[in-house]
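Just so you know, ligand 1 is whichever comes first in the structure, and atom 1 is the first atom listed for that ligand. Quantities reported herein were computed from a predicted structural model and do not represent experimental measurements.
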Amino acid sequence: MTTDLVSTIKANLAEIDSNIRKMAVHTGTKHPAPKLIAVSKVQPDDRVEAALNAGHRVYGENRVQEAESRWKERRKAYPDLELHLIGGLQTNKAAEAVALFDYIHSVDRPKLVKALATEMKKQEKFLPVYIQVNTGREDQKSGCLQEDIASLLGLCTENGLTVLGLMCIPPVDDDPSLHFALLRKLALKHGLKHLSMGMSGDYALAASMGATDIRVGTAVFGARDYG
Ligand SMILES: *Cc1c(COP(=O)(O)O)cnc(C)c1O
């Protein structure tokens, strides 16, 4: 790991932090600046080490297996680490997800609620969760439809899951502010306080609209190389 890389990532983190603080002031609301979840999926290890070196401790991953190989050992070295699962979850990965993560942002169907509840009881590890909402009603996207939030929330409560709030990923071609506003309205309606919304391209906007958690990858680490 070069000192260059550490200072670049440190500067990226500082810039994002400063932007969201400004935005949170703009809204005039009392809620603090959102939590910055640095999305480390697909990023090379040296960038992640650089972010750890810069003192950042809150990370997001979208795949259980990748997250396990990156974080399982590192967790021991960083006891104050906080790991968020932000990607879709298969029920057959529920055990691993509960064991590794601290928060799950992608609860979106009854079968998953039941699988997570069973695992949490078994492991005696009760992670707070978010319900992912498919605000753009896209066929290919995970997340429940807004009319299914109430029943899913009820099922979570029945099964002992603590739901902090809602999460969304706006359709790429839409104005994200429409989706952020909808998510906020839905959270209010259901009495939920947390809003997981905003990525590299729109985190400042999300912060200005009441996000409590922003999920930022590229703007922290640089572009992902899927090649
Ligand atoms: C990859 C990912 C992000 C981060 O995306 P960037 O544009 O790199 O900031 C945020 N949320 C989810 C659910 C993701 O999968």
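- Screening residues 86-114 for salt bridge (charged side-chain N to carboxylate O under 4.0 Å, His left out) gives Arg75-Asp102 as the qualifying pairs, with residues at least two apart or on separate chains.
- The salt bridge (charged side-chain N to carboxylate O under 4.0 Å, His left out) pairs that include a residue from residues 76-86 are Lys35-Glu82, Arg57-Asp80, Glu73-Lys76, where partners are two or more places apart or lie in different chains.
- Applying the 6.0 Å contact sphere to CD of Gln90 captures no more than 12 heavy atoms from other residues, nucleotides or ligands.
- A salt bridge links Glu61 to Arg70: one of the charged nitrogens lies within less than 4.0 Å of a carboxylate oxygen.
- Residue pairs meeting the side-chain hydrogen bond (donor to acceptor under 3.5 Å, both in side chains) criterion with at least one partner in residues 4-17, sequence neighbours excluded, are Asp17-Arg21.
- Under the 30°/60° scheme for interplanar angles, the aromatic rings of Tyr130 and His194 are found to stand perpendicular.
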Does ligand 1 have any N/O atom under 3.5 Å from a protein N/O, and what are those pairs and their distances?
| from | atom 1 | to | atom 2 | distance (Å) |
| --- | --- | --- | --- | --- |
| ligand 1 | 8 (O) | Thr218 | N | 2.8 |
| ligand 1 | 8 (O) | Thr218 | OG1 | 2.6 |
| ligand 1 | 8 (O) | Arg224 | NH1 | 2.7 |
| ligand 1 | 8 (O) | Arg224 | NH2 | 3.2 |
| ligand 1 | 9 (O) | Ser200 | N | 2.9 |
| ligand 1 | 9 (O) | Ser200 | OG | 2.5 |
| ligand 1 | 9 (O) | Gly217 | N | 2.8 |
| ligand 1 | 11 (N) | Arg215 | NE | 2.9 |
| ligand 1 | 15 (O) | Lys41 | NZ | 2.7 |

